[in-house]
2 protein chains.
Amino acid sequence: MGIDSYRSNCERCIHTHLCEGTAANEQIAGHRLRVRRHDSLYRVGESPGNRIYCIRSGSFKLVMQRPGDAEQVIAFAMAPDFLGLNTLGAAGHTASAVALEDSEVCVIDWDRQAFRGRRQPMQRNGLHALLAGEIRRAQQATLLLHHTHSRQRMADLVLNLSQAYHSNGYSARRFRLPMSRCDIASYIGVSAECVSRLIDQFRRKGMLQLHRRDLTLLDPDALQRTAAGVEN
Amino acid sequence: MGIDSYRSNCERCIHTHLCEGTAANEQIAGHRLRVRRHDSLYRVGESPGNRIYCIRSGSFKLVMQRPGDAEQVIAFAMAPDFLGLNTLGAAGHTASAVALEDSEVCVIDWDRQAFRGRRQPMQRNGLHALLAGEIRRAQQATLLLHHTHSRQRMADLVLNLSQAYHSNGYSARRFRLPMSRCDIASYIGVSAECVSRLIDQFRRKGMLQLHRRDLTLLDPDALQRTAAGVEN
DNA sequence: CGCCCTATTGAATATAATCAACCGCCGTGG
DNA sequence: CCACGGCGGTTGATTATATTCAATAGGGCG
């Protein structure tokens with residue numbers, strides 16, 4: 001599986017407010033896992049085992065299985081996103097989490113009292129808020145898919161990624177795509193060829209530059225307008 | 001607003017396990033609301049006020065607002081679904097809930113200790129499971145939208161509705177669509193004209209019958225195959 | 001160097017949007 | 001009672017858009 005466990009270090013984690021305090025965290029969030037590129041953190045159907053994961057570095061794609069062996073990318077996730085929030089009360093994972101690059105996750109045992117927040121109401125609310133936020137996130141994702149034209153969905157994805165990097169302290173203008181063209185195609189619901197053509201189209205219009213997986217946004221406003229569908 | 005409040009009756013509610021017991025429920029779930037067809041239970045941007053709702057009768061559509069006045073149907077909901085589960089930790093509602101027919105909802109105050117389940121772990125887990133289930137639901141919805149062809153999405157929607165009615169004790173073969181063609185079009189991401197053509201196409205192939213809003217499934221298996229894309 | 005895998009490009013075809021006209025049900029008001 | 005008007009729904013013709021199939025390019029790696 002390419003998975004490798006070691007002790008956690010919670011000092012720089014932004015989610016410590018969900019636990020009891022930085023001191024106790026390393027007992028709660030017992031260990032971390034390394035997941036190598038293209039390996040799965042978990043797969044469809046596997047028992048979730050009351051664990052959730054927090055991405056500390058790297059990125060993942062969430063893949064659902066269609067009847068008839070076809071796969072579908074339903075989300076991308078990067079640090080500090082959580083994985084497995086949707087598993088409580090489910091018999092098995094409804095999606096697989098596949099690492100897009102060598103990644104590290106923090107494992108949190110759902111059953112530990114400390115995380116479930118018996119002591120402080122804030123912790124309990126924090127967990128509820130986390131779950132509610134994940135619902136909004138998923139609903140927001142449907143909004144992307146509801147764009148009529150593929151160029152709108154593509155522009156929307158690029159802007160979403162840009163914002164994700166930005167809110168994690170990286171450049172919003174320049175970043176490296178961790179996913180393949182094929183993954184992008186699956187996620188935005190077009191053929192892989194179409195992704196190529198869309199990128200080329202954006203490049204010719206001076207909206208962005210993309211060499212292999214290195215992306216530079218040149219005209220975010222134009223992308224915004226494209227996503228909104230006010231111009232072609 | 002067309003909203004009208006009265007006392008709740010929890011005796012036949014299937015969600016009492018989330019509360020402390022049937023006896024106490026009517027104090028917890030203080031009151032019900034009637035919402036008339038085309039009226040909103042809540043609107044985008046309104047403060048959620050730490051309430052969630054449980055549909056007791058009728059049905060709703062969830063509508064998101066796009067930049068530039070366009071609206072987008074992102075989900076349909078019917079009894080005994082919950083509404084507003086995605087609001088905890090959010091400043092305002094991210095979607096509007098519009099009644100598709102005259103409906104009744106049960107109002108549950110999120111702040112009440114009883115519902116948050118200080119006493120019994122089962123209650124707390126019940127709430128977590130509820131939220132986690134809503135995440136899965138939203139992710140499932142993205143799966144529908146990921147179908148390449150509109151006929152797949154249409155068939156998928158029909159089957160989903162059928163299953164929803166079935167699991168609530170109604171016929172899976174024969175039911176009344178509470179939503180307009182326009183709502184369907186928005187939800188599955190096609191033009192309203194296309195919905196008409198798809199219905200006609202399904203009818204000519206003997207898969208279903210639809211007179212105004214009364215739907216009869218004639219060949220669910222064929223619909224299944226159409227949704228899966230194995231045949232046209 | 002040569003292979004494999006990802007990505008790109010081209011040409012023909014399938015699919016759905018758009019624009020426009022029309023239908024029919026339903027409630028309103030004469 | 002019937003005529004009217006409006007709205008939701010359907011149908012037709014044209015155009016825009018994306019898929020499919022096929023061929024090609026080019027990097028990473030043994």
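Since the model is a prediction, treat every value here as computed from it, not as a measurement. All chains are named by letter (A, B, ...) in the order of the sequence lines, taking the proteins before the strands, and each is independently numbered beginning at 1.
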Presence of A:Ser191 side-chain N/O under 4.0 Å of D:dA18 phosphate oxygens OP1/OP2: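 It does not, given that no N or O in the side chain of A:Ser191 lies less than 4.0 Å from OP1 or OP2 of D:dA18.
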
Phosphate-side-chain proximity, B:Arg151 and C:dA16, N/O vs OP1/OP2 below 4.0 Å: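 Looking at the OP1 and OP2 atoms of C:dA16, neither is under 4.0 Å from any side-chain N or O of B:Arg151.
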
With the threshold set at 4.0 Å, does a side-chain nitrogen-carboxylate oxygen contact exist between A:Arg32 and A:Glu104?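 A:Glu104 and A:Arg32: salt-bridged.
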
Any ion pair linking A:Arg176 and A:Asp214 (charged N to carboxylate O, less than 4.0 Å)?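 A salt bridge is present here (some side-chain N lies under 4.0 Å from a carboxylate O).
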
Round to the nearest Å and state the distance from [X] atom [atom1] to [N] atom [atom2].
{"X": "B:Arg153", "N": "D:dA18", "atom1": "CZ", "atom2": "P", "result": "12 Å"}
{"X": "B:Arg204", "N": "D:dT10", "atom1": "CZ", "atom2": "P", "result": "13 Å"}
{"X": "B:Leu177", "N": "D:dG9", "atom1": "CG", "atom2": "C1'", "result": "13 Å"}
{"X": "B:His147", "N": "D:dT19", "atom1": "NE2", "atom2": "P", "result": "15 Å"}
{"X": "A:Leu145", "N": "D:dA18", "atom1": "CG", "atom2": "C1'", "result": "16 Å"}
{"X": "B:Arg37", "N": "C:dC26", "atom1": "CZ", "atom2": "C1'", "result": "12 Å"}
{"X": "B:Asp183", "N": "D:dG8", "atom1": "CG", "atom2": "C1'", "result": "11 Å"}
{"X": "A:His149", "N": "D:dT15", "atom1": "NE2", "atom2": "P", "result": "17 Å"}

Judged by atom type as modelled, is there a donor-acceptor pair below 3.5 Å linking the side chain of B:Asn168 to the main-chain atoms of B:Ala79?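 Between the backbone of B:Ala79 and the side chain of B:Asn168 there is a qualifying donor-acceptor contact (under 3.5 Å).
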
Please check this pair: side chain of B:Thr226 against backbone of B:Ala222, looking for a donor-acceptor N/O pair closer than 3.5 Å.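 Checking the backbone N and O of B:Ala222 against the side chain of B:Thr226, a donor-acceptor pair under 3.5 Å is found.
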
Could you label the plane-to-plane angle of the A:Tyr42 and A:His93 rings as parallel, tilted or perpendicular, counting under 30° as parallel and over 60° as perpendicular?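 Rings of A:Tyr42 and A:His93: parallel, as their planes differ by under 30°.
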
Under 4.0 Å protein heavy-atom contacts per nucleotide of nucleotides 7-12 of chain C, with B for base, S for backbone only and - for none: SBBBB-

Aromatic contact between A:Tyr170 and A:Phe175, with the criterion being ring centroids under 6.0 Å apart: yes or no?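 No - the distance between ring centres of A:Tyr170 and A:Phe175 does not fall below the 6.0 Å cut-off.
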
